[in-house]
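As structure tokens, the structure follows; a few thoughts come after it.
Just so you know, these numbers use all the heavy atoms, side chains as well, and skip hydrogens, waters and symmetry mates. In this text the structure is predicted, and so the values were computed from the model without any measurement.
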Amino acid sequence: NVVPGSIPTNKDAAPGVIEVRIPVSLTNTERYAVHGAVTTAVQEKLGYNLPGPYQHVMYVVKKCYVGCGYAAYAYVNSWMSVYQGVYYKMVGVQVHELGHNFGMAHSGGLNLETYTD
């Protein structure tokens, strides 16, 4: 979890969840710079480069502030997916993003339009 402006604590975190503080503004920084800052902060906190011993890492940003036309995003053949708001709780969104991480792109569906797959 990224909690802007607060000191990270784990009192409310679930097992396997860590909170980090990042040195960039969430309100005027594009999402790729935010996830880069999160990666750096997590690696510093854990003491190793991600993905480390993990096969998959989910980043959850409490709220989207810039370029919010997405629920989540992931890269093809990657270990990371990024979710905004409550979308991390939605199994369909998780499976969609994991599909990207496992090597799948958008198929285009029957009408060849993006996101109709």
Side-chain angles (χ1 to χ4, degrees):
N1 291 337
V2 177
V3 181
S6 67
I7 297 172
T9 65
N10 286 331
K11 66 181 172 112
D12 297 321
V17 174
I18 62 172
E19 291 186 1
V20 294
R21 186 175 185 176
I22 59 174
V24 298
S25 168
L26 295 179
T27 59
N28 62 8
T29 305
E30 55 92 24
R31 64 185 179 182
Y32 305 108
V34 170
H35 86 232
V38 171
T39 299
T40 299
V42 169
Q43 290 176 161
E44 288 173 0
K45 187 168 192 169
L46 295 177
Y48 51 80
N49 289 336
L50 290 174
Y54 310 106
Q55 293 179 355
H56 183 72
V57 178
M58 293 173 62
Y59 292 174
V60 179
V61 180
K62 190 176 203 176
K63 179 182 173 188
C64 178
Y65 297 92
V66 177
C68 301
Y70 69 96
Y73 62 94
Y75 297 103
V76 175
N77 296 320
S78 178
W79 51 265
M80 175 191 67
S81 56
V82 180
Y83 301 80
Q84 62 119 341
V86 298
Y87 292 105
Y88 75 95
K89 296 179 184 180
M90 299 179 181
V91 174
V93 175
Q94 289 179 15
V95 170
H96 179 97
E97 301 310 331
L98 283 170
H100 294 314
N101 291 149
F102 295 153
M104 294 179 245
H106 293 134
S107 67
L110 296 175
N111 61 0
L112 302 178
E113 295 292 323
T114 302
Y115 298 113
T116 62
D117 48 348

Item to check | Qualifying residues under side chain to side chain donor-acceptor pair (under 3.5 Å), relative to Tyr54, sequence neighbours excluded | outcome: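 Expected list: Tyr48.
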Item to check | Listed partners of Ser25 passing side chain to side chain donor-acceptor pair (under 3.5 Å), at least two apart | outcome: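 Residues passing side chain to side chain donor-acceptor pair (under 3.5 Å) with Ser25: Thr27, Asn28.
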Under 3.5 Å, sequence neighbours excluded: what are the donor-acceptor pairs made by side chains of residues 34-43?
{"residue": "His35", "atom": "ND1", "partner": "Tyr73", "partner atom": "OH", "Å": "2.8"}
{"residue": "Thr39", "atom": "OG1", "partner": "His35", "partner atom": "O", "Å": "2.9"}
{"residue": "Thr39", "atom": "OG1", "partner": "Tyr59", "partner atom": "OH", "Å": "2.6"}
{"residue": "Thr40", "atom": "OG1", "partner": "Gly36", "partner atom": "O", "Å": "3.1"}
{"residue": "Gln43", "atom": "OE1", "partner": "Leu50", "partner atom": "N", "Å": "2.9"}

Item to check | Closest approach of Tyr88 to Val60 (non-hydrogen atoms, all atoms of both residues) | outcome: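 So the minimum-distance heavy-atom pair works out to CD2-CG1, 3.6 Å.
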Checklist entry - Tyr70 and Arg31: which non-hydrogen atoms are nearest, and at how many Å? => result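 Scanning both residues, the minimum pair turns out to be CD2-NH1, 2.9 Å.
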Checklist entry - Taking the hydrophobic residues Ile, Leu, Val, Met, Phe, Trp and Tyr, and joining any pair whose side-chain heavy atoms are under 4.5 Å apart, which ones share a cluster with Val76? => result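 Taking Ile, Leu, Val, Met, Phe, Trp and Tyr as members, Val76 stands alone, with no cluster partners.
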Next on the checklist: Could you list the cluster mates of Phe102? Members are the ILVMFWY residues connected by side-chain heavy atoms closer than 4.5 Å, either directly or through other members.
Outcome noted: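 Listed partners: Leu98.
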Item to check | Derivation and outcome, side-chain contact (heavy atoms from CB on, under 4.5 Å), residues His56 and Ser81 | outcome: CA-CA 8 Å; His56 183 72; Ser81 56; 3.0 Å; yes
Checklist entry - Any chain of hydrophobic side-chain contacts (each under 4.5 Å) joining Met58 to Met104? => result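 Cluster IDs for Met58 and Met104 differ.
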Next on the checklist: Quick check: is Val57 connected to Tyr32 through a chain of hydrophobic side chains (ILVMFWY, heavy atoms under 4.5 Å apart)?
Outcome noted: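 Cluster IDs for Tyr32 and Val57 match.
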Item to check | With Met90 via side-chain contact (heavy atoms from CB on, under 4.5 Å) - residues at least two apart | outcome: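 Met90 satisfies side-chain contact (heavy atoms from CB on, under 4.5 Å) with Val86, Tyr87, Val93 only.
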Checklist entry - Which pairs, with at least one residue in residues 35-66 and sequence neighbours excluded, count as a disulfide (SG to SG under 2.5 Å)? => result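 Applying disulfide (SG to SG under 2.5 Å) to every pair that reaches into residues 35-66, excluding sequence neighbours, yields Cys64-Cys68.
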Checklist entry - Does some side-chain heavy atom of His106 sit less than 4.5 Å from a side-chain heavy atom of His96? => result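 Yes. Closest side-chain heavy atoms under 4.5 Å.
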